[in-house]
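Letters A, B, ... mirror the listed sequences (proteins, then strands); counts begin at 1.
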There are 2 protein chains.
Amino acid sequence: MSDSLVLDGRGPLHEQIRRAVCAPIISGAWTPGRRIPSEHELMALFGASRMTVNRAMRTLADGGLIVRRRRTGSHVAAPSGERALVTMGDIRATIDKRGQAYAYECLARRGARASDDIAGRFEIAAGTPLLNISCRHLADGRPAALEDHWINLAALPEASQERFDKVAPGEWLAARLPWAKSRYIVSAVNAGSAMAKLLDLEPESACLKIDRQSWRNGIPATFVTALYPGAGHALTGEVAPPYSSP
Amino acid sequence: MSDSLVLDGRGPLHEQIRRAVCAPIISGAWTPGRRIPSEHELMALFGASRMTVNRAMRTLADGGLIVRRRRTGSHVAAPSGERALVTMGDIRATIDKRGQAYAYECLARRGARASDDIAGRFEIAAGTPLLNISCRHLADGRPAALEDHWINLAALPEASQERFDKVAPGEWLAARLPWAKSRYIVSAVNAGSAMAKLLDLEPESACLKIDRQSWRNGIPATFVTALYPGAGHALTGEVAPPYSSP
DNA sequence: TGCGATTTGTACGTATGTATT
DNA sequence: CAATACATACGTACAAATCGC
């Protein structure tokens, strides 16, 4: 039973090979560290060329399922911590999908210069010109999220021309920097009285807080704190072995 | 400036090509929908073979940065919502990394049969034999997490032999099913009085709640609810264009 | 409707380089 | 140093999808 690798005849050859090797790994039959047949052995086993076998194995390696080293060969990888793919659909899409009416509201917009505190968290020089926008998202007229945006005008000078009274900073940014790098931290907090009022919640209600920082060409561009009522918002995610069986 | 694609001479050719095409996309110079030169054009531009160009482009397509279609060619993709890679390192690793002493404590362990309620959420037949474990993780003697595990004995019969008084169900499972598929939901809740007591918190403190379900060979295997003090735990994640510049 | 042209997808063969034991 | 096994790269061929005429 150690080498019952079989092709299923469905789809491209390199995918069949990938699935064949994948199956015993995700089923747990091949535990981490177990050696995987060499490319030459797989060539013989499946009657495929080395390039084809190589592509299948490289795909598994890219997905983190196996580790490849010269001379030693390929081995089943040990999952590193737990990487998970989370879908953080933006607020508007989330609300739309629930069939609720979406509305955006700008609460405040002001220019400022980076204080020492902000500069420290932001990794920018103190005194850098910033734009601060406080806004709210509504679902069927009820508050669904509160956002506090800081935009670095040195990185995004176009922002100073935008009033943000109709378009949310998040959307504005997504249109301008569709593939921006960002980093975020998810935590739970009790809503203070001011926040609770703005979110129409009982004071001390649990909220999901997401801090996010984004960069443009390596320069910090935005810093956002978003607050969601705990009962009304959740992140969903999935951990799945990449390229599993159908 | 529309075609200033240049190789940087560092690393394998296919990676250089990938980076060259990647750069204008993540900088925003090429917006979603913009056409990318065909493989033949890139061959001529870079003096590389089609296989090499193809590999670079296919890698970008796998990462979701571009979309490829026959005859129409390749185009810059529009980011789909916001997929983010979250690291959900397990509790023990998180505590260890902070330099705190980790301890595990089993609060209760009992067999049960799936009630209609559980069966519904679990997607299993009512009456299925289950194992329920309630446990706690401690950092330097202070509660750091509360977990409520439901294990489907039909999927994991070995679990009935394990007492879970020394080893946490999460670790036990990770050793057995390293690449299990799982799905989870992150939300914020106020700790009820019982939970607050077990976590040594003020009642109504905000907590991060993570519900997770895992499968073994397509059969629901475990269902876990974990509760973390809001102040002491956070998820961190990163959204980054796959295969960006160095 | 059909047909040719374009573009990507798959697969094979071959060669050489490189890290590691 | 030699052997192993993966990494890169080139060339070729044909298939499949799709657009425009």
Compare side-chain N and O positions of B:H14 against OP1 and OP2 of D:dT8 and report whether any pair is under 4.0 Å apart. yes

When you compare the protein's N or O atoms with those of nucleotides 17-21 of chain D, which come within less than 3.5 Å of each other, and at what distance?
residue	atom	partner	partner atom	Å
D:dC19	O4'	B:R71	NE	3.1

Interatomic distance where NE2 belongs to A:H40 and P belongs to D:dC6 [whole Å]: 9 Å

Dump the pairs, protein N or O against N or O of nucleotides 10-13 of chain D, anything under 3.5 Å, distances to one decimal.
residue	atom	partner	partner atom	Å
D:dC10	OP2	B:S49	N	3.1
D:dC10	OP2	B:S49	OG	3.2
D:dC10	OP2	B:T52	OG1	2.6

By side chain to side chain donor-acceptor pair (under 3.5 Å), which residues pair with B:S187, not counting sequence neighbours? none

Taking only residues two or more places apart in sequence, or in another chain, which ones meet A:R35 in a side-chain contact (heavy atoms from CB on, under 4.5 Å)? A:S38, A:E41, A:H75

Under the side-chain contact (heavy atoms from CB on, under 4.5 Å) test, residues paired with B:N217 that sit two or more places apart: A:S27

Could you pull out all residues at least two apart from B:E15 that satisfy side chain to side chain donor-acceptor pair (under 3.5 Å)? none

Apply side-chain contact (heavy atoms from CB on, under 4.5 Å) to A:E158 and list each qualifying residue two or more places apart in sequence or on a separate chain. A:L156, A:W172, A:R176, A:R216

Map B:E39 and A:G11 onto DNA chain C by nearest heavy atom, then report which one ends up closer to the 5' terminus. B:E39

Residue pairs involving residues 21-31 of chain A (criterion salt bridge (Lys or Arg N to Asp or Glu O under 4.0 Å); sequence neighbours excluded): none

Lys/Arg N to Asp/Glu carboxylate O, A:R92 vs A:D90, below 4.0 Å: no

From CZ of B:R18 over to P of D:dA9, roughly how many Å is that when rounded to an integer? 12 Å

note: A:L42, atom CG; D:dT4, atom C1'; distance rounded to Å ~ 15 Å

Which two nucleotides bound the region of DNA chain C that has atoms under 4.0 Å from heavy atoms of chain A, read 5' to 3'? C:dT10 to C:dT21

Could you tell me the separation between the CZ atom of A:R58 and the P atom of D:dC6, rounded to a whole number of Å? 13 Å

Selection residues 48-61 of chain A - residue pairs positive for salt bridge (Lys or Arg N to Asp or Glu O under 4.0 Å), sequence neighbours left out: A:E39-A:R50

Run the side chain to side chain donor-acceptor pair (under 3.5 Å) test against B:W150 and tell me which residues pass, sequence neighbours left out. B:D148

Output yes when a side-chain donor or acceptor of B:N152 lies under 3.5 Å from a complementary backbone atom of B:P220, and no otherwise. yes

Using the test side chain to side chain donor-acceptor pair (under 3.5 Å), find all partners of A:S214 that sit at least two apart in sequence or belong to another chain. A:T222

